[in-house]
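I have placed the structure first, in the form of structure tokens, so that the comments after it can refer back to it.
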There are 2 protein chains.
Amino acid sequence: MPPVTAGVKARSRRGGGRPTIADVASKAGVGAITVSRALREPERVSPRLRRQIMAVVDELGYVPDRNARALASARADVIGVLVPSLTNNVFADVVRGIYEGLDQNHLQVQIGNTHYSQEAEEELLQTFLSQRPSALIVSGIDQSPAATALLERADCPVVQIMETGPDPVDMMIGFSHYEGGRAATRHLIEAGYRRVAFIGARMDPRSERRLAGYRAAMEEAGLFDERLVTTTVRPSSVTTGSELFREALAKAPALDAAFCNNDDMALGALFECHRQGRAVPSEIGIAGFNDLEMMQIAYPSLTSLRTYRYEMGRRAIAMALEAIAGRRPAEPVVDLGFELIVRESTRR
Amino acid sequence: MPPVTAGVKARSRRGGGRPTIADVASKAGVGAITVSRALREPERVSPRLRRQIMAVVDELGYVPDRNARALASARADVIGVLVPSLTNNVFADVVRGIYEGLDQNHLQVQIGNTHYSQEAEEELLQTFLSQRPSALIVSGIDQSPAATALLERADCPVVQIMETGPDPVDMMIGFSHYEGGRAATRHLIEAGYRRVAFIGARMDPRSERRLAGYRAAMEEAGLFDERLVTTTVRPSSVTTGSELFREALAKAPALDAAFCNNDDMALGALFECHRQGRAVPSEIGIAGFNDLEMMQIAYPSLTSLRTYRYEMGRRAIAMALEAIAGRRPAEPVVDLGFELIVRESTRR
DNA sequence: AGATTTATTGGTAGCGCTACCGTTCCCTTG
DNA sequence: CAAGGGAACGGTAGCGCTACCAATAAATCT
């Protein structure tokens, strides 16, 4: 079926025959700079010339060379985004918000995956910085000192997302994972559960803070017990959720609820309950974190702490765009908060 | 809490004080070209000079300017990737494969989201092409004629992913969605189900081909009935799965199985069965498409057609890298196939 | 009317790097 | 020992665009 002609397209050298700004300029009978302006700041060129130039642009199919533009203006039309994972639904939502917040803009996004590694983050930062991005968006507030230094010296706006905390490098948008963990755990206690387990995978700094919030709530109620905490460094997933829930039961057979560090884990725990014939919520209460869409469809529907991930991406970009435009955003540090969504899985 | 100093970082003009290749060259007492070579083709510089140059590079913290490099060499170290969605788990997996296939390489990825729109695809192609990417990866085989023309004229390798079909622009890696839909449907029929419904959201070209495969299998068995097909243009999701399954039941109350165009939909259908007290698999059989991880953890576990999405991303990049290196890949068109994973949800 | 601003356009000079072609020097080879 | 070849390095000349200024014409002010 595949024709034999399929193969590798050649990479020709310089030029490639594409029209340049000089071609447009001479054909339109104007200076190159005027063409440049007509494309970037149309209002600074008279309507007559503008039309004339645009006609030639269309005729020749001229598309400005972004590399030349970036070199000449010392600024690439690129926004660098560093996230620790692409698999994780949470970051997928944030990234979607970023893309959609950009929309009709001429800027491009470049995503770097740090794999939860500070070294990888530093390297990617170097790479991104080497193209003089228009802005940088980084995840979390736990950059290495070297990375922080790079960000501080970077001559572009920087937005830290996912969390809020003291000492923003520049701008910041997120919420408190500690308070989130605390609120979810309190809810379980108020719902009447006593032996509330914590189940957490991929204990990154944010998950650690959720755990700290859980611990605080348990201690406040005089219910904390080391054996109720089960964590792993493995990445979170539905499978890991099932497995860790089994582990938790083995360690603390009398547990009557589980606060999972995210929704995948919660779903895994729910399926494990089904499998073992444990009734949710009467025997076991389950709460997740993030409130992914599936939580309300699951049977029974799952309680979760809703976070505004998409919104976070959108507003991070909005803040970056403001800063690129030279305007100081009204609020350089934004706490988006969260909302506990109580559903069947914790209503007994 | 946020210190008042937080705000917008200034964007200074040209230079920014970063060391250039000339700085390194003079400090190392060599020509600029030699520095350039030492960084890009170390084997072409004598070991002594190389060490000397690298020492200065480290000392000065020199990082080559990617924009200048791209302009001078008429080639940006960027691979453009066009996908129709970032939310969809399927593309998330492919994208992950792409990122990991790249790994230690100096290339960067730039993702463009076409939102299943051919116009958006054309525009993004223009944008990508304007920076002379090292390679392009595009999703599907249903580009508009204009987009196809752009791809054919692009002087870089092009890989079409997700599907196989005739007339690759250059290289291609995927599988047959038609055969996948046919195989899944056949399995349901062989398992003893007779009134097998098709439930499909976001009917993009690939979903249409899955539907065509379903139809073929049903017709072969003399079971096809228009009323068994329920589709929507809305994006697929667990919620949409629940809703569409209800719709399907309203149209064809006697249906005894559902082939869903993807796994989110299948999970939604499963939850809806739980909710309505319909037993799976005895009353209703359910099969999904893609075999996301949650399928095997769901209760009952869900039958699905496994596709090799991560692998597809990895190999697409591998093919692109081969082509960039000027080597012709052994097989320019690759069919990755699929595998039907039979689980509890269709075992009655 | 003369002075001063404002709008519109263009010329010049790079941005920081690499392709291309030399040049130098050392090593073979007949 | 001359001729030839290869390895190692460097100079020159851009890549295609935009920042910075200058120049001109038109508009506004005193």
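Excluded from the calculations below are hydrogen atoms, water molecules and symmetry mates; all remaining heavy atoms, backbone and side chain alike, are included. In what follows, chains carry the letters A, B, and so on, assigned in the order in which the sequence lines appear, proteins first and then strands, with residues in each chain numbered from 1.
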- Query: Starting at CD1 of I33(A) and ending at P of dA7(C), how long is that distance when rounded to a whole Å?
  - Reply: 19 Å
- Item | Phosphate contact (dG10(C) OP1 or OP2) by T34(A) side-chain N/O below 4.0 Å | yes
- Under-4.0 Å salt bridge between E59(B) and K27(B): yes
- Think S36(A) has a side-chain N or O under 4.0 angstrom from the OP1 or OP2 of dT18(D)? yes
- Whole Å only: how far is the CZ atom of R50(B) from the P atom of dA7(D)? 15 Å
- Message: Is R75(A) close enough to dC17(D) that one of its side-chain N or O atoms is under 4.0 Å from OP1 or OP2 there?
- Response: no
Please tabulate, for side-chain N and O atoms in residues 124-131 of chain A, each donor-acceptor pair with protein atoms closer than 3.5 Å (sequence neighbours left out).
{"residue": "T127(A)", "atom": "OG1", "partner": "E123(A)", "partner atom": "O", "Å": "3.0"}
{"residue": "S130(A)", "atom": "OG", "partner": "T127(A)", "partner atom": "O", "Å": "2.7"}
{"residue": "Q131(A)", "atom": "NE2", "partner": "Q110(A)", "partner atom": "OE1", "Å": "2.6"}

- Take the protein atom CD of Q131(B) and the nucleotide atom P of dC17(D), then report the distance between them rounded to whole Å. 14 Å
- Message: So, does R44(A) get its side chain near the phosphate of dT8(C), meaning an N or O under 4.0 Å from OP1 or OP2?
- Response: no
- Could you please name the option among dC17(C), dC9(D), dT18(D) that lies closest to any side-chain atom of I21(A)? dT18(D)
- Task: Identify whether the distance between the nearest side-chain nitrogen and carboxylate oxygen of R75(B) and D155(B) falls below 4.0 Å.
- Result: yes
- Task: Would you mind reading off the distance between R48(A) atom CZ and dA26(D) atom P, rounded to a whole angstrom?
- Result: 12 Å
- Message: Any side-chain N or O of R69(B) below 4.0 angstrom from OP1/OP2 of dA19(C)?
- Response: no
- From CG of D77(A) across to P of dC17(D) the rounded distance in Å is 13 Å
- How many Å lie between CD on E41(B) and P on dA19(C), as a whole number? 8 Å
- Query: Do the side chains of Q108(A) and I79(A) get nearer than 4.5 Å, heavy atoms only?
  - Reply: no
- Item | Any residue meeting side-chain contact (heavy atoms from CB on, under 4.5 Å) with S85(A), in chain and number order, not counting sequence neighbours | T87(A), N88(A), F91(A), Y116(A)
- Query: With a 3.5 Å cut-off and just heavy-atom distances, do the side chain of R37(B) and the base of dG10(D) make a donor-acceptor pair?
  - Reply: yes
- Message: Between Y62(A) and L49(B), which residue's closest nucleotide on DNA chain D lies nearer the 5′ terminus?
- Response: L49(B)
- Task: Ignoring backbone atoms, test whether S46(B) places a side-chain nitrogen or oxygen under 4.0 Å from the OP1 or OP2 oxygen of dC9(D).
- Result: yes
- Task: Rounded to the nearest angstrom, tell me the gap between atom CG in N67(A) and atom P in dC15(C).
- Result: 18 Å
- Message: Rounded to whole Å, how long is the line connecting atom CG of L71(B) with atom P of dG16(D)?
- Response: 7 Å
- Note on the structure: Against the side chain of V45(B), the closest entry in dG16(C), dC9(D), dC17(D) is dC9(D)
